[in-house]
Each structure stands twice: as structure tokens, then as C-alpha cells.
Amino acid sequence: MGALLSCMSGTSPSDSPPQAKRRSSASSRRGGGAKAAEIDEQALAAAAALVLGQRGGGGAFDRSASVRYAAKRQQQGPPLPRSSSTRPRSLADPELQPQQLLAKELNTKDLETNIIVLVHGGGFGAWCWYKTMSLLEDSGFKVNAIDLTGSGINSSDTNKISSLSEYAEPLTSYLKGLCDAEKVILVGHDFGGACISHAMEMFPSKVAKAVFLCATMVTNGHSALDIFQQQMDTNGMLQKAQELVYSNGKDRPPTAINIDRASVRDLLFNQSPAKDVSLASVSMRPIPFAPVMEKLTLTEGNYGSVRRFFVETTEDNAIPLSLQQSMCVTNPPEKVLRLKGSDHAPFFSRPQALHKTLVEIATLPRAQAS
């Protein structure tokens with residue numbers, strides 16, 4: 001989803017950090033003040049620039065009621081079937097059984113936490129993690145994949161989502177419901193990176209580690225849009241891949257973004273099996289516009305206290321490797337790992353390698369102070 005907004009013009013990353021109490025676009029408009037008018041004007045200008053940059057046309061994904069089958073796999077069930085894709089398997093993602101990826105003596109119950117929470121990116125849903133969930137569960141982890149507001153099978157209207165806190169509410173509600181001593185590992189993909197950053201700030205004691213999977217790893221006072229603006233499109237792909245939705249009228253800011261069906265394979269799934277591209281084509285939903293523009297308040301005492309890891313994807317056309325590396329320079333994580341040959345959807349294109357990487361992160365002990 002990152003690539004979808006790179007050509008928008010909005011507030012500069014050099015702007016001062018927002019006040020501690022964030023206000024949604026909707027509430028700002030109700031204020032009727034000069035600031036509200038300025039925000040609307042910036043959003044409309046960004047939308048206008050995007051529309052002018054579009055070339056050609058294509059059908060956008062219709063909003064669909066995607067279904068995620070949440071039936072629990074049996075502890076001693078049959079091995080995972082081989083992919084039916086005709087794509088030759090890459091050496092970067094060999095087909096291995098889960099037990100081959102782990103040390104025999106590994107007991108997930110001995111870890112700081114064996115609970116992994118998977119947070120999808122913009123337009124995706126919990127359904128995109130089906131391979132990762134199966135592999136991690138077979139390795140002994142407890143796995144939860146969350147549908148954010150207006151995503152997957154969550155019935156909320158995407159066009160009515162007015163803030164990042166509203167969009168990430170299913171995640172923060174889950175964390176709020178954990179026992180006092182219970183911790184999780186958060187894995188955020190794409191725009192899910194901003195969502196887990198928001199959750200880390202709210203519940204730092206509930207998050208043992210945070211994994212940014214080719215995701216928006218923002219800094220204090222910045223938004224996901226600020227990161228996407230750093231990407232420069234050179235081939236017209238980004239302009240053709242997006243369609244803005246104005247459910248409140250063309251004189252108001254956009255409410256959502258649709259993705260062009262004709263461009264999605266090259267943009268997001270250039271290394272993924274055809275069957276997974278088909279799954280995405282009937283399951284993806286519009287991306288809410290307001291949360292992408294919202295600047296986050298992240299403090300060193302909360303967000304900064306959580307161990308962060310970044311996983312790079314080398315064949316990513318949506319958030320290119322150079323932009324991923326730039327985020328890591330600006331906001332250095334504890335460790336950077338790499339998935340060679342992966343597109344923007346490593347859970348489809350490199351599921352085994354992704355599984356191995358997540359297990360590696362889950363088992364990393366905290367470095368001893370010298």
C-alpha cells in the first residue's frame with residue numbers, strides 16, 4: 001500500500017510534532033477553524049495531484065466480504081500440501097517442514113512469549129496470513145491474525161474511518177484484554193507498521209518485540225504518508241494503481257483508496273503464486289484515507305522501550321528496498337533481516353523464509369549490557 005500514496009503532496013516531514021491529543025479529520029472539520037480548512041485544503045491538493053498524475057484506467061477492487069477460515073489446525077495434522085503454483089520454487093524459499101526450520105530442543109513455552117499477533121497492511125485482511133499462521137502454529141506458537149477496522153471480515157465502512165486509533169481499534173482492544181503479565185510479538189506489514197507503532201505507544205508493557213515487515217516504521221511527529229512521499233515513481237505504475245473515493249463529495253477530502261486490478265500483480269505480487277493473487281483479487285478492500293495522513297505521537301518511554309526488528313523484501317515494487325533501508329537509517333531497529341527474492345507480500349511469495357525469520361526473531365534473547 002505504501003506505493004499507492006508516494007506521489008501525493010501533503011505535510012512535510014519537517015513539520016513540528018502533533019499535540020499529544022490527536023484529533024481526527026472529521027472532528028477537525030467540525031471545529032470550523034482555519035486549521036481545519038488548511039487540513040482539508042492539503043488533502044484536496046494531494047488528491048488533485050494524484051488524479052492529474054494518473055494515466056490510463058482500470059477497474060478497482062470492489063469492496064468484498066472476504067472470509068477467513070479460523071478453524072484451528074489439529075496438533076498432529078497432516079503436513080502442509082505442496083503449492084499448486086507452476087512457479088519454480090526459489091532457492092531462497094525451499095520447501096521444508098516446520099520442524100526442519102527449528103532447533104530440536106526449542107520449546108516455545110520457554111520463550112519470553114510464544115504469542116504472535118499478525119497485523120495486515122492497507123487493503124489486506126487477516127486472510128493474507130493463512131500460510132504464516134499454519135507454519136507458526138505447527139511450530140508451537142499461538143497465533144492471532146487481526147482484521148483492522150473496515151478490513152477483511154470487519155463490517156465497518158472504510159469511508160467512515162476518520163482516525164488511526166479507530167482503524168487500529170481491533171488491535172488495541174486485543175492488547176487491552178491481555179492479562180497483566182501477558183506479552184505478545186507484534187508483526188506489522190505495510191501500513192500495519194504505523195498501526196503497531198500506535199499500539200506500542202499505548203501498551204508498551206504488553207509488547208515483547210515488534211517486527212516491521214516491509215512496513216511503515218514512522219518516527220515521532222510523522223505519518224505514513226510522510227514515508228511514502230520519499231518514494232519517487234519513474235514508470236507511471238503508481239499513478240495507474242490507485243483510485244480515490246470521495247464518499248463525502250468532491251469538495252471534501254478523499255475517504256478511501258481503491259487499487260486497480262490490472263496493476264496489482266506487478267505492484268504487490270510480482271513474485272507470488274497465481275492462486276494467491278487470485279485470492280487477493282477477491283478479498284482486498286479499500287484503504288481508509290484519514291489514518292494514512294495522521295501524524296503519530298511516539299515517545300521514548302513507551303514506543304522506544306519496545307525491541308524493534310525490520311524485515312526487508314528485496315524485490316518489493318510497493319515499498320522499494322532503498323526506501324526500507326532509509327527508514328532503518330532514520331529510525332534504527334535492533335536488527336535488520338532480509339528476505340531475498342520477496343515481493344511486497346512475503347507471506348505469499350516467501351512463506352517458508354518468512355516463517356524462519358519470525359522464529360529467529362522470537363528466539364533472540366535480549367543483549368546483555370556490557
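Note that these values count all heavy atoms, side chains included, but never hydrogens, waters or copies made by symmetry.
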- request: Please check if the side chain of T363 supplies one atom and the backbone of E360 the other of a donor-acceptor pair under 3.5 Å.
  value: yes
message: Quiz question: by atom type and distance under 3.5 Å, do the side chains of S165 and H198 form a donor-acceptor pair?
response: no
- prompt: Is a side-chain N or O of N317 found less than 3.5 angstrom from the main chain of D266, in a donor-acceptor match?
  reply: yes
field: Sidechain-backbone polar pair: T216 side chain, D190 backbone, donor-acceptor under 3.5 Å
entry: yes
task: Hey, could you give me each pair passing ring-ring contact (aromatic ring centres under 6.0 Å, His included) that has a residue in residues 166-190? Not counting sequence neighbours.
output: F124-H189, Y167-F191, H189-H344, H189-F347
field: From CA spacing to verdict: side chain to side chain contact (heavy atoms under 4.5 Å, CB included), W127, I153
entry: CA-CA 9 Å; W127 50 266; I153 61 173; over 6 Å; no
query: Considering all heavy atoms of both residues, which atom of L354 and which atom of P346 are nearest to each other, and what is their separation?
result: CD2-C, 4.1 Å
statement: All heavy atoms of L364 vs all of K209, minimum pair found to be O-NZ, 2.8 Å
query: If you look only at pairs with a residue in residues 310-325, which of them pass as a salt bridge (charged side-chain N to carboxylate O under 4.0 Å, His left out), with sequence neighbours excluded?
result: E312-R338
message: Run the side chain to side chain contact (heavy atoms under 4.5 Å, CB included) test on S197 and M217 for me, step by step, so that the C-alpha distance in whole Å, both residues' side-chain angles and the decisive distance to 0.1 Å come before the verdict.
response: CA-CA 7 Å; S197 296; M217 190 166 63; 5.6 Å; no
query: For residues E166 and S162, is any side-chain donor paired with an opposing acceptor at under 3.5 Å?
result: yes
- request: Decide yes or no on side chain to side chain contact (heavy atoms under 4.5 Å, CB included) for I185 and N114, but give the supporting numbers first.
  value: CA-CA 8 Å; I185 296 173; N114 64 349; over 6 Å; no
query: Below 4.5 Å, heavy atoms only, C-beta onward: do L358 and V211 meet side chain to side chain?
result: yes
query: Do you know the tightest heavy-atom contact between A194 and L164?
result: O-CD2, 4.1 Å
- prompt: Is K206 reaching over with its side chain to a backbone N or O of V184, donor-acceptor style, under 3.5 angstrom?
  reply: no
query: Same cluster or not: are V245 and I287 linked, directly or through other Ile, Leu, Val, Met, Phe, Trp or Tyr residues, by side-chain heavy atoms under 4.5 angstrom apart?
result: no
task: Keeping the roles fixed (side chain from R285, backbone from G152), state whether a donor-acceptor pair exists under 3.5 Å.
output: yes
- prompt: Roughly how far, to the nearest 0.5 Å, is CD of E334 from CD1 of I361?
  reply: 9.5 Å
query: Shortest non-hydrogen contact from R308 to P333?
result: O-CB, 3.4 Å
message: For T299 and E201, which I'm curious about, is there any donor-acceptor pair between the side chains at under 3.5 Å?
response: yes
- prompt: Within a strict 4.5 Å, meaning less than it, do heavy atoms of the C195 and L148 side chains meet?
  reply: yes
- request: Kindly determine whether F141 and V359 satisfy side chain to side chain contact (heavy atoms under 4.5 Å, CB included), including the steps that lead there.
  value: CA-CA 9 Å; F141 290 92; V359 170; 4.0 Å; yes
- line: Value for CG (L186) from CG (L118), rounded to nearest 0.5 Å, stands at 9.5 Å
task: Nearest 0.5 Å please: distance from the CG atom of L323 over to the SG atom of C214.
output: 11.0 Å
field: Separation between OG of S281 and CG of L279, rounded to the nearest 0.5 Å
entry: 7.5 Å
message: Donor-acceptor pair, distance only, cut-off 3.5 Å: does the side chain of K142 make one with the backbone of I116?
response: no
task: Using atom types as modelled and distance alone, determine if a side-chain donor or acceptor of E294 lies under 3.5 Å from a backbone N or O of P291.
output: no
- request: Please report the closest heavy-atom contact between T158 and P288, naming both atoms and the distance.
  value: CG2-N, 3.4 Å
- request: May I ask you to decide if S322's main-chain N or O and S326's side chain share a donor-acceptor pair within less than 3.5 Å?
  value: no
field: E169 CD to T149 OG1 distance, which is reported to the nearest 0.5 Å
entry: 5.5 Å
task: Write down the atom of H355, the atom of L135, and the distance for their closest heavy-atom approach.
output: NE2-O, 3.4 Å
- prompt: Hey, what do you get for CZ (F348) to SG (C128), rounding to the nearest 0.5 Å?
  reply: 6.0 Å
- prompt: Do M200 and N302 have side chains that get closer than 4.5 Å, going by heavy atoms?
  reply: no
Sidechain-backbone polar pair: T255 side chain, S247 backbone, donor-acceptor under 3.5 Å: yes
- prompt: Would you find a donor on one side and an acceptor on the other, under 3.5 Å apart, between the side chain of D343 and the backbone of Q271?
  reply: yes
- prompt: Can you tell if the side chain of Q324 reaches within under 4.5 Å of the side chain of T313, non-hydrogen atoms only?
  reply: yes
